[in-house]
Protein chains: 2
Amino acid sequence: MDEVFQALSDSTRRQMLRDLAASDRTVSELAAPHPMSLAAASKHIRVLENAGLIRREVEGRTHRCHLEAGPLAAAHDELGFYEQFWTSSLNTLDRLLREEAAQETESSRTTSDPQPKDD
Amino acid sequence: MDEVFQALSDSTRRQMLRDLAASDRTVSELAAPHPMSLAAASKHIRVLENAGLIRREVEGRTHRCHLEAGPLAAAHDELGFYEQFWTSSLNTLDRLLREEAAQETESSRTTSDPQPKDD
DNA sequence: AATTTATTAAACCAATCGGTTGACTAATAA
DNA sequence: TTATTAGTCAACCGATTGGTTTAATAAATT
């Protein structure tokens, strides 16, 4: 997971993923839009590959790259955990407290007492 | 966005966000579970703050940290773009081609996307 | 007033990052 | 055969990262 988010933290690499979403691309094709050496782009692609975000098929002297969505799904899912915090800002506190109460498995930490807001 | 994914790329920081999802925490409370100096944890918290993922309220000598979900929503949304690639592997190519064709007009960005679920 | 507590600041370190250049390999084209 | 093309490798560079330790600051406690 570290590697996935790390790979996503560079806009060059995110652009490459976007391009791959449109269609498979060779290394040169992926590199073309970016103002850097081919070697630098090649390293970016390697980072994406090591994170499992792309797969590579060697065809003769060209390498055809293909988007691999699994890790993206995992990352998406991990962020989905926080969905409660951006859907309905006012509802959030209420929902959280209820879920926390329902999940009364480990409450050894100093959880602040839910104080009734009389607004 | 770079900063957000960069912040998310460290498991210590992801754990801190998880903790903050349960409740607001002070710097010491956030640092406690992690086998490192308080100064190191403090730097992690700074990274999260700079990425806009947490807000800090200074109360006397303690700093109370609060989860800020906006950037998480943005990241979630960005990854959501690739949802087509992990939902129904065989259907993907077909759907992509159709959506690409439909987007050729680019007239309205309505969120209505009724997909006939034939599983 | 003196001390403890919560936190940051500063200097340092080894490792990694994102980029460069130049040499190299292997497949294709002339 | 000889270039040309596609791509990687290796060495190097400056900046950043994630950690350390030792102060420093400011608030709370005694």
Side-chain angles (χ1 to χ4, degrees), chain A residues 1-20 23-68 71 75 109-112, chain B residues 1-20 23-68 71 75:
Chain A
M1 201 79 286
D2 289 39
E3 276 177 304
V4 174
F5 282 119
Q6 176 62 35
L8 289 170
S9 76
D10 185 277
S11 70
T12 295
R13 291 191 291 258
R14 288 199 303 278
Q15 184 58 55
M16 286 175 168
L17 290 182
R18 286 269 171 179
D19 291 347
L20 287 172
S23 72
D24 290 358
R25 300 283 162 94
T26 69
V27 168
S28 302
E29 287 169 351
L30 280 177
H34 304 286
M36 63 182 67
S37 69
L38 181 62
S42 176
K43 285 209 257 181
H44 280 299
I45 293 169
R46 174 61 49 96
V47 170
L48 291 169
E49 194 178 16
N50 288 340
L53 289 166
I54 74 178
R55 181 169 34 94
R56 183 193 304 246
E57 277 174 43
V58 179
E59 299 174 355
R61 66 180 163 179
T62 79
H63 299 196
R64 180 146 270 99
C65 299
H66 173 83
L67 184 64
E68 204 65 50
R109 187 170 289 281
T110 52
T111 50
S112 56
Chain B
M1 203 80 286
D2 289 40
E3 276 177 304
V4 174
F5 282 118
Q6 175 63 34
L8 289 170
S9 76
D10 184 277
S11 70
T12 296
R13 292 192 289 260
R14 287 200 304 277
Q15 185 56 57
M16 287 176 167
L17 290 182
R18 286 266 170 181
D19 291 346
L20 286 171
S23 72
D24 290 358
R25 300 282 161 94
T26 70
V27 169
S28 301
E29 286 170 350
L30 279 177
H34 304 286
M36 63 181 68
S37 69
L38 182 61
S42 175
K43 286 208 256 181
H44 280 299
I45 293 169
R46 174 61 50 94
V47 170
L48 291 169
E49 194 179 16
N50 288 341
L53 289 166
I54 73 178
R55 183 169 31 95
R56 183 193 305 246
E57 277 173 44
V58 180
E59 299 174 356
R61 65 181 163 179
T62 79
H63 299 195
R64 180 147 268 100
C65 298
H66 172 84
L67 184 66
E68 204 65 50

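Every chain is numbered from 1, with letters handed out A, B, ... down the list of sequences.
Candidate nucleotides D/dT17, C/dT7, C/dG19 were compared by shortest atom distance to the side chain of B/Val27, and C/dT7 ranks first.
Here A/His63 reaches the OP1 or OP2 of D/dT8: one of its side-chain N or O atoms lies under 4.0 Å away. Of the side-chain N and O atoms in A/Ser42, one or more sit less than 4.0 angstrom from OP1 or OP2 of D/dT8. Between B/Arg46 and C/dA9, a side-chain N or O to OP1/OP2 separation shorter than 4.0 Å is present.
A/Leu53 approaches A/Pro71 most closely through the heavy-atom pair CD2-CB, 3.8 Å. Nearest heavy-atom pair, B/Leu20 versus B/Cys65, reported as atom, atom and distance to 0.1 Å: CD2-O, 3.3 Å. A pairwise comparison of heavy atoms in B/Gln6 and B/Arg13 identifies O-NH2, 3.2 Å as the closest pair. Across all non-hydrogen atoms, the minimal contact from A/Glu29 to A/Pro33 is O-CD, 3.4 Å.
The nearest whole Å value for the distance from the CE atom in B/Met36 to the C1' atom in D/dG18 is 8 Å. In this structure, the NZ atom of A/Lys43 is 12 Å from the P atom of D/dT8, given to the nearest Å. Rounded to whole Å, atom P of D/dG18 lies 11 Å from atom CZ of B/Arg14. Summarising the geometry, the separation between CD on A/Glu49 and P on D/dC9 is reported as 10 Å, rounded to the nearest angstrom. For the pair A/Leu48 CG and D/dT8 P, the interatomic distance rounds to 12 Å; values are reported in whole Å. The CD1-P distance, from A/Ile45 to D/dT8, rounds to 7 Å in whole Å. Atom CG in A/Asp2 sits roughly 15 Å away from atom C1' in C/dC17 (whole-Å rounding). Computed from coordinates, the B/Arg25 CZ to C/dT7 P distance equals 13 Å when rounded to whole Å.
Residue-level contact check: B/Thr26 touches the backbone only, with heavy atoms under 4.0 Å from sugar-phosphate atoms and none from bases. Contact annotation for A/Arg13: backbone-only contact, meaning every heavy-atom pair under 4.0 Å involves sugar-phosphate atoms and none involves a base.
Annotation: of the two residues near DNA chain C, B/Ser28 and B/Gln6, the 5′-most nearest-nucleotide partner is B/Ser28.
For the side-chain hydrogen bond (donor to acceptor under 3.5 Å, both in side chains) with A/His66, the lone residue among A/Glu57, A/Arg55, A/Arg56 that qualifies is A/Arg55.
At least one side-chain heavy atom of A/Met36 sits under 4.5 Å from a side-chain heavy atom of A/His44.
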* Could you run down nucleotides 21-30 of chain D 5' to 3' and tag each one B, S or - for protein heavy-atom contact under 4.0 Å? -> B-----BS--

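One finds the CG atom of A/Asp2 at 4.5 Å from the CZ atom of B/Arg14 (value rounded to the nearest 0.5 Å).
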